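Please read the structure below before turning to the comments.
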Amino acid sequence: MRYPLVMANWKLNGSKYMVHNLIAMLRNKLSSVVDCDIAIAPPVIYLNLAKYHLAGSQISLGAQDVDTHIVGAYTGEVSAEMLKDIGAKYIIIGHSERRTFHQESDEYIAEKFAVLKETELVPVLCIGESEAENKAGQTEAVCASQIDVVLNRLSVKAFNKAVIAYEPIWAIGTGRFAIPSQVQAVHKFIRNHIAKHDNAVAQQVIIQYGGSVNAGNAAEFFMQPDIDGALVGGASLQADSFALIVKAAAQAKQD
Ligand code: 13P
């Protein structure tokens, strides 16, 4: 049985005040939620403070990126060992904003996937097509090729206890969310693609949707059988909306 994972990606937002306040409110609102895994990925500078404020709650700590190196002369980087040391669990890699603004390639992202597995952290591998690729009917081909680089470099077993976040680029931060039934079809395709290598791995892999998820549309996504939670940007910056999204995921599990 797969538990949904609803994860907040704060991106480049936050402050000490926000870490303190937002986490306090979420702890309060989400204390009774049991059927959903929850994580928060603040900017790296606030990881330690967030861990402190999350202590004793059921909310896990996440991070937004990781370097491929474990130690050495790599100015400005943060390693998987450091993320583990600080208590982070779910690590986002391959977000389209990093692919776009930092020219991260599929191969480089697969290397990050490998280092997270070696460190026993959970990769949250972001994949998804651009608007032009979507219009050209290339959604499945793009998702398959982004997954294949990891499959070829590691093996299908690397997706054991891993998370995939399907985030169509055109739906990120735009308010234009994808149609839930169409997202379901993409998620089913992704699961079937992995099942061609190993069905047991495919059945347990968490496949989140991300892209303008909010309190109003979340429930419809979570009703779909292959949508296992969400990676939430903008709506995760408000306690009310993020809590409602988490509760919608937990509720869908119970129905
Ligand atoms: P929004 O929810 O703001 O569209 O962002 C989605 C996202 O990129 C999460 O990683």
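Atoms within each ligand, like the ligands themselves, are counted from 1 in listed order. All of these numbers come straight from a predicted model, not from anything done at the bench.
Side chain of Lys247 to backbone of Lys29: a donor-acceptor contact under 3.5 angstrom is found. With hydrogens and angles disregarded, no donor-acceptor distance shorter than 3.5 Å links the side chain of His53 to the backbone of Ile23.
Polar contact with ligand 1: absent for Gly211 (N/O pair, distance under 3.5 Å). Taking any N or O of Ser212, backbone or side chain, at least one lies under 3.5 Å from an N or O belonging to ligand 1. Inclusion of Gly173 in the set of residues having an N or O under 3.5 Å from an N or O of ligand 1 is warranted. Polar contact with ligand 1: absent for Gly210 (N/O pair, distance under 3.5 Å).
Not a single heavy atom of Ser96 sits less than 4.0 Å from an atom of ligand 1.
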#### Entry: Steps toward ring pair (Phe, Tyr, Trp, His ring centres under 6.0 Å) verdict (Tyr108, Phe113)
CA-CA 9 Å; Tyr108 184 54; Phe113 199 115; over 10 Å; no
### Task
Apply salt bridge (Lys or Arg N to Asp or Glu O under 4.0 Å) to Lys112 and Glu104, showing your working.
CA-CA 11 Å; Lys112 294 186 176 194; Glu104 292 195 8; 3.0 Å; yes
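At a threshold of 4.5 Å between side-chain heavy atoms, the hydrophobic network of Ile, Leu, Val, Met, Phe, Trp and Tyr places Leu30 and Ile245 in one connected group.
With a 4.0 Å cut-off on non-hydrogen atoms, Asn9 touches ligand 1 through its side chain and not its backbone. Neither the backbone nor the side chain of Ala165 has a heavy atom within less than 4.0 Å of ligand 1.
No more than 12 heavy atoms of other residues, nucleotides or ligands lie within 6.0 Å of CD in Gln238, so this atom counts as exposed by the packing criterion.
Screening Val163, Val213, Ile164 for a side-chain contact (heavy atoms from CB on, under 4.5 Å) with Gln208, the sole residue that qualifies is Val163.
The nearest protein atom to atom 2 (O) of ligand 1, hydrogens excluded, is given as Gly233 N, 2.9 Å; this is a heavy-atom distance. Taking atom 3 (O) of ligand 1 as the reference point, the nearest protein heavy-atom neighbour is Gly234 N, 2.8 Å.
If you number the atoms of ligand 1 from 1 as listed, the ones under 4.0 Å from a heavy atom of Ala171 come out as 4 (O).
The closest side-chain donor-acceptor pair between Gln146 and Tyr166, if any, does not fall under 3.5 angstrom.
Heavy-atom proximity to atom 5 (O) of ligand 1, evaluated over His95, Lys11, Glu167, Met7, is greatest for Lys11.
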